[in-house]
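Counting from 1, the numbers follow the sequence of the chain as shown. Below, all heavy atoms of this structure are taken into account, side chains as well, without hydrogens, waters or symmetry copies.
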Amino acid sequence: MRFLSNLENQMVLNLDDDWGTGKTVFLKQLGYLGNANELNENILNINTGVINSFQSKYNVFYFNAWEHDLYDNPLESLIYSLLMKIVEIENGKKIQEQTVKKISKILRKIGILSVNAMIKTITNGSVELADFHHEDTDPVQEITSIEMKRNAINELLDELLKNSDKKLLIIVDELDRCKPSYAVRLLEVIKHFFVNDDIVFLFGSNKKELSETVRHEYGQEFNGYKYLNRFFDFEFMLPKIKESDYISLRLGSPETSSFSYKESLAVCQYFNFSMRDINKYCTLCNVLTHYFKTNDDFYEKKLVIKYLLLLYAIGSRIDDINRFNRFLSGDGLDELIQFYESNQQFHDRIILRNMNQETIALEELKKIYKLINMDEDEQIISFDRDDVQAIKEMIDILTMMSNKI
C-alpha cells in the first residue's frame with residue numbers, strides 16, 4: 001500500500017507467484033481495504049495511517065478476467081465493468097443527462113457496439129439513447145486509427161474521473177487462467193489504449209503460465225516471457241506464509257487443539273499442499289470434524305479415527321481422488337502405512353492414547369482400518385461397538401466427498 005500510494009505516474013504492476021499461493025485473496029483484500037468506509041475491527045495488525053493514505057489516493061476496481069473470457073471483446077467487457085464501478089463509487093447519484101450524452105458519444109468513438117445497453121445499465125434503465133437526437137445517425141463511428149481510439153478512451157477516463165481527485169487502481173486478476181486469445185487481446189488493449197497518468201494497473205498472474213498463454217497465441221517459437229517483461233513495469237511476489245501459522249489461525253492454536261493442529265500440519269506437509277490446498281483442507285476439516293460425533297468420552301477412545309484416519313482421508317481427497325477412493329474402499333492400507341511412518345512418533349501417541357501399553361500402534365491402526373471393508377455382522381463380532389459406530393460415521397462423512405468437494 002505504501003508503494004502504491006507513492007506512485008505518481010501510470011504503471012503496470014504484476015503480482016507474480018504460482019497458482020494457489022494466495023494472490024487472489026491478497027488482491028481482493030486490497031480491493032476491500034481500498035474501498036471500505038469502515039474497517040472490520042477484527043482485522044489484526046492494521047496500520048490505519050497507511051490505509052487512509054491509500055484510500056485518499058485511489059478508487060480501486062477489481063476485474064476478474066477469467067469471469068469475462070467468454071466474451072469476444074475484452075475492451076468492451078473491461079469498459080462495461082469500469083462504468084459499473086464508477087456508478088458504485090457515485091453511490092447511486094443520478095448521472096446528469098449531459099454526462100450520459102457525452103459518455104455515449106465517446107463510446108461510439110471507441111467502437112463499442114452495445115452502447116445502448118451500457119447506458120441503460122449505468123442509468124438503471126432510466127435513459128435510452130433513443131431519447132437523444134444525435135447529429136450523426138451512424139450508431140458506430142468508424143475508427144480509422146489506433147491513435148483515435150486511444151484518445152477516445154482517455155477522454156472517457158477523464159470524464160469518469162472528473163468528479164474525483166483520486167487515481168484509479170485497476171486490479172486485473174486470473175489472466176493466466178483465461179483462454180489464450182482473450183488473455184492476449186486484453187493485454188494488447190491495455191498496452192495500446194489505456195495510457196493515462198491517473199490509471200495504475202495491478203495484475204495478479206503466474207508469469208510462467210501467462211508466458212505460455214502468450215506463446216500459444218503467437219506461436220511456439222515466440223518468447224512470451226520477454227513479451228511480458230516489456231509489458232510489466234514492476235513485478236513482486238507475496239512473502240511466504242508459514243504453514244504452521246496459517247493452520248493454527250484456521251483451526252485453533254496448538255495449545256487448545258493439539259492433536260487437530262499437529263495432525264493437520266502433518267497432513268499438509270506430507271501432501272506438499274499449496275496455500276490454496278491448505279485453505280480448502282482447513283475449510284473441510286472445520287465442517288466435517290464438527291459434523292462428527294462430539295461426545296467427549298467417545299472421542300477419548302477413538303482419537304485414531306477422528307485425528308488420524310479422518311484427517312488423512314480429507315488430505316487424500318484434495319491431493320488425489322484415486323488415493324481417496326482406495327482409502328474409502330479399504331484398498332489403501334499400504335498408502336496409509338506410508339503416511340503413518342512419515343510421523344510415526346506422533347501417530348503412535350494418537351493411536352496408543354488410553355490403551356494398554358503392550359499394544360503395538362501399527363497393528364492397532366491396521367485393525368481399525370480393516371473395519372472399512374467388513375460387512376456389518378463381521379464388524380459386530382470382531383470389534384467393539386464404539387469402534388464400529390465411529391468407522392461407520394467416518395465413512396458416512398467421507399462418502400459425501402466421494403464425488404466432489
Side-chain angles (χ1 to χ4, degrees), residues 247 251 257-273 277 281 284-285 288-403 405:
I247 292 171
L251 298 181
S257 184
S258 178
F259 281 134
S260 177
Y261 163 78
K262 291 179 181 177
E263 183 65 347
S264 292
L265 183 58
V267 168
C268 293
Q269 290 176 341
Y270 181 77
F271 290 116
N272 194 27
F273 279 164
D277 293 331
Y281 169 86
L284 285 171
C285 281
L288 298 183
T289 56
H290 281 88
Y291 176 84
F292 211 77
K293 203 169 184 66
T294 56
N295 181 285
D296 289 339
D297 293 336
F298 179 84
Y299 270 141
E300 282 299 309
K301 299 175 184 176
K302 307 305 166 194
L303 294 178
V304 62
I305 297 173
K306 179 186 177 185
Y307 290 125
L308 201 161
L309 294 181
L310 180 61
L311 300 188
Y312 166 78
I314 294 172
S316 296
R317 177 61 182 86
I318 294 170
D319 181 67
D320 182 354
I321 185 62
N322 294 320
R323 177 197 291 266
F324 174 76
N325 286 335
R326 286 192 295 271
F327 175 88
L328 207 56
S329 66
D331 296 325
L333 180 59
D334 290 342
E335 291 166 324
L336 176 62
I337 291 173
Q338 289 176 10
F339 172 70
Y340 158 79
E341 292 175 341
S342 70
N343 198 348
Q344 183 172 342
Q345 186 174 2
F346 174 64
H347 289 149
D348 284 350
R349 284 179 56 204
I350 295 177
I351 297 169
L352 298 178
R353 187 180 175 105
N354 296 330
M355 296 194 69
N356 190 307
Q357 292 299 312
E358 296 180 0
T359 303
I360 299 174
L362 180 55
E363 294 306 314
E364 182 66 17
L365 178 62
K366 291 179 181 179
K367 185 179 78 170
I368 293 292
Y369 182 68
K370 282 181 181 178
L371 274 166
I372 290 177
N373 228 12
M374 288 183 179
D375 60 44
E376 190 171 341
D377 291 339
E378 189 178 1
Q379 287 177 341
I380 294 173
I381 293 172
S382 305
F383 290 91
D384 178 85
R385 185 175 296 275
D386 282 346
D387 289 332
V388 174
Q389 181 184 348
I391 283 290
K392 182 180 184 302
E393 201 161 319
M394 183 188 74
I395 295 300
D396 289 343
I397 293 170
L398 296 177
T399 301
M400 294 191 302
M401 303 195 306
S402 60
N403 294 318
I405 290 180

So do the side chains of Asp319 and Phe324 get within less than 4.5 Å of each other, counting heavy atoms only?
no
About how many Å separate CD1 of Ile351 and CD of Glu363, when rounded to the nearest 0.5 Å?
10.5 Å
Under 4.5 Å between any side-chain heavy atoms of Tyr270 and Asn343, yes or no?
no
Rounded distance (nearest 0.5 Å) linking atom CG of Leu311 with atom CD1 of Ile350
8.0 Å
In Å and rounded to the nearest 0.5 Å, what is the CZ to CD1 distance from Phe273 to Ile318?
4.5 Å
Please report the interatomic distance OH(Tyr261) to CG(Leu265), rounded to the nearest 0.5 Å.
5.0 Å
To the nearest 0.5 Å, what is the distance between CG on Leu365 and CG on Leu336?
4.5 Å
All heavy atoms of Cys268 vs all of Tyr281, minimum pair found to be SG-CD2, 3.8 Å
Is there a side-chain contact between Ile368 and Leu309 (heavy atoms, below 4.5 Å)?
yes
Could you please spell out the steps behind the side-chain contact (heavy atoms from CB on, under 4.5 Å) verdict for Asp320 and Phe271?
CA-CA 10 Å; Asp320 182 354; Phe271 290 116; over 6 Å; no
To the nearest 0.5 angstrom, please state how far the CD atom of Glu335 sits from the CG atom of Leu333.
9.5 Å
Would you say the ring centroid of Tyr312 lies under 6.0 angstrom from that of Phe327?
yes
For Glu263 and Tyr307, work out which heavy atoms get closest and say how close.
CG-O, 2.7 Å
In this structure, are over 12 heavy atoms from other groups packed under 6.0 Å from Gln345 atom CD?
no
Where the side chain of Tyr340 meets the backbone of Ala361, is there a donor-acceptor pair that is under 3.5 Å apart?
no
